[in-house]
Amino acid sequence: MDHQHIDKMVEQYRRRCNLAAEILKKHGLFSYSPQGAFYILVDISSTGMDSDTFADRLLDEQRVAVAPGVTFGRLAGKYIRVSMATQADVVAEGMERICNYIKTNS
């Protein structure tokens, strides 16, 4: 079986996750490197908002859609989940908006 297409997609997700991690590092918000996932969790605890409120406000105010961490369990309530399943430039723009929103609301 030829896994060429799968390997290509895995590499694209890896690059996007690395890009997101670099943006988080630049803003002092980096906490871990994703290992094999196509999403990254971002700690929003400094904002004092729960993940549902943060995700709703981020969408309304910054036009960035994320999943509230609490959707994935109570322990993830201080995180948002950001998908890497889009183009790299969209990931970069969204991550910049998220980082700036966190800083503005901390």
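If you're wondering where the values come from, they're calculated on a predicted model, not measured in any experiment.
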Discussion item. Applying side-chain contact (heavy atoms from CB on, under 4.5 Å), can you list everything that pairs with E22, at least two apart in sequence or on another chain?
Written reply: K25
Item to complete: Only counting residues at least two apart or in another chain, list the ones meeting side-chain contact (heavy atoms from CB on, under 4.5 Å) with Q4.
Response: D2
Discussion item. Between V42 and M95, is the side-chain contact (heavy atoms from CB on, under 4.5 Å) condition met? List the steps.
Written reply: CA-CA 10 Å; V42 178; M95 291 303 298; 4.1 Å; yes
Discussion item. For a quick check under 3.5 Å, do D56 and T53 share a side-chain donor-acceptor pair by atom type?
Written reply: no
Discussion item. Between I102 and F54, does the side-chain contact (heavy atoms from CB on, under 4.5 Å) criterion hold? Intermediate values first, please.
Written reply: CA-CA 9 Å; I102 290 171; F54 185 93; 3.7 Å; yes
Worksheet item: Can E11 and K8 be counted as an ion pair, charged N to O under 4.0 angstrom?
Response: no
Let me have the donor-acceptor pairs involving side chains of residues 65-92, under 3.5 Å, with sequence neighbours excluded, atom names and distances please.
residue : atom : partner : partner atom : Å
T71     : OG1  : P68     : O            : 3.0
S83     : OG   : A85     : N            : 3.0

In Å and rounded to the nearest 0.5 Å, what is the [atom1] to [atom2] distance from [X] to [Y]?
| X | Y | atom1 | atom2 | result |
| --- | --- | --- | --- | --- |
| M49 | Y101 | CE | OH | 4.5 Å |
| S51 | L41 | OG | CG | 10.5 Å |
| I23 | N18 | CD1 | CG | 11.5 Å |
| I40 | F30 | CD1 | CZ | 7.0 Å |

Item to complete: Begin with the C-alpha distance, continue with both residues' side-chain angles, and end with the deciding distance and a verdict on side-chain contact (heavy atoms from CB on, under 4.5 Å) for I98 and I44.
Response: CA-CA 10 Å; I98 290 166; I44 59 158; 5.8 Å; no
Practice prompt. I would like to know whether Q12 and M9 meet side-chain contact (heavy atoms from CB on, under 4.5 Å); could you show each step before the answer?
Written response: CA-CA 5 Å; Q12 288 176 357; M9 227 27 227; 3.3 Å; yes
Practice prompt. Mind listing the closest non-hydrogen atom pair of D52 and D50 along with its distance?
Written response: N-OD1, 3.0 Å
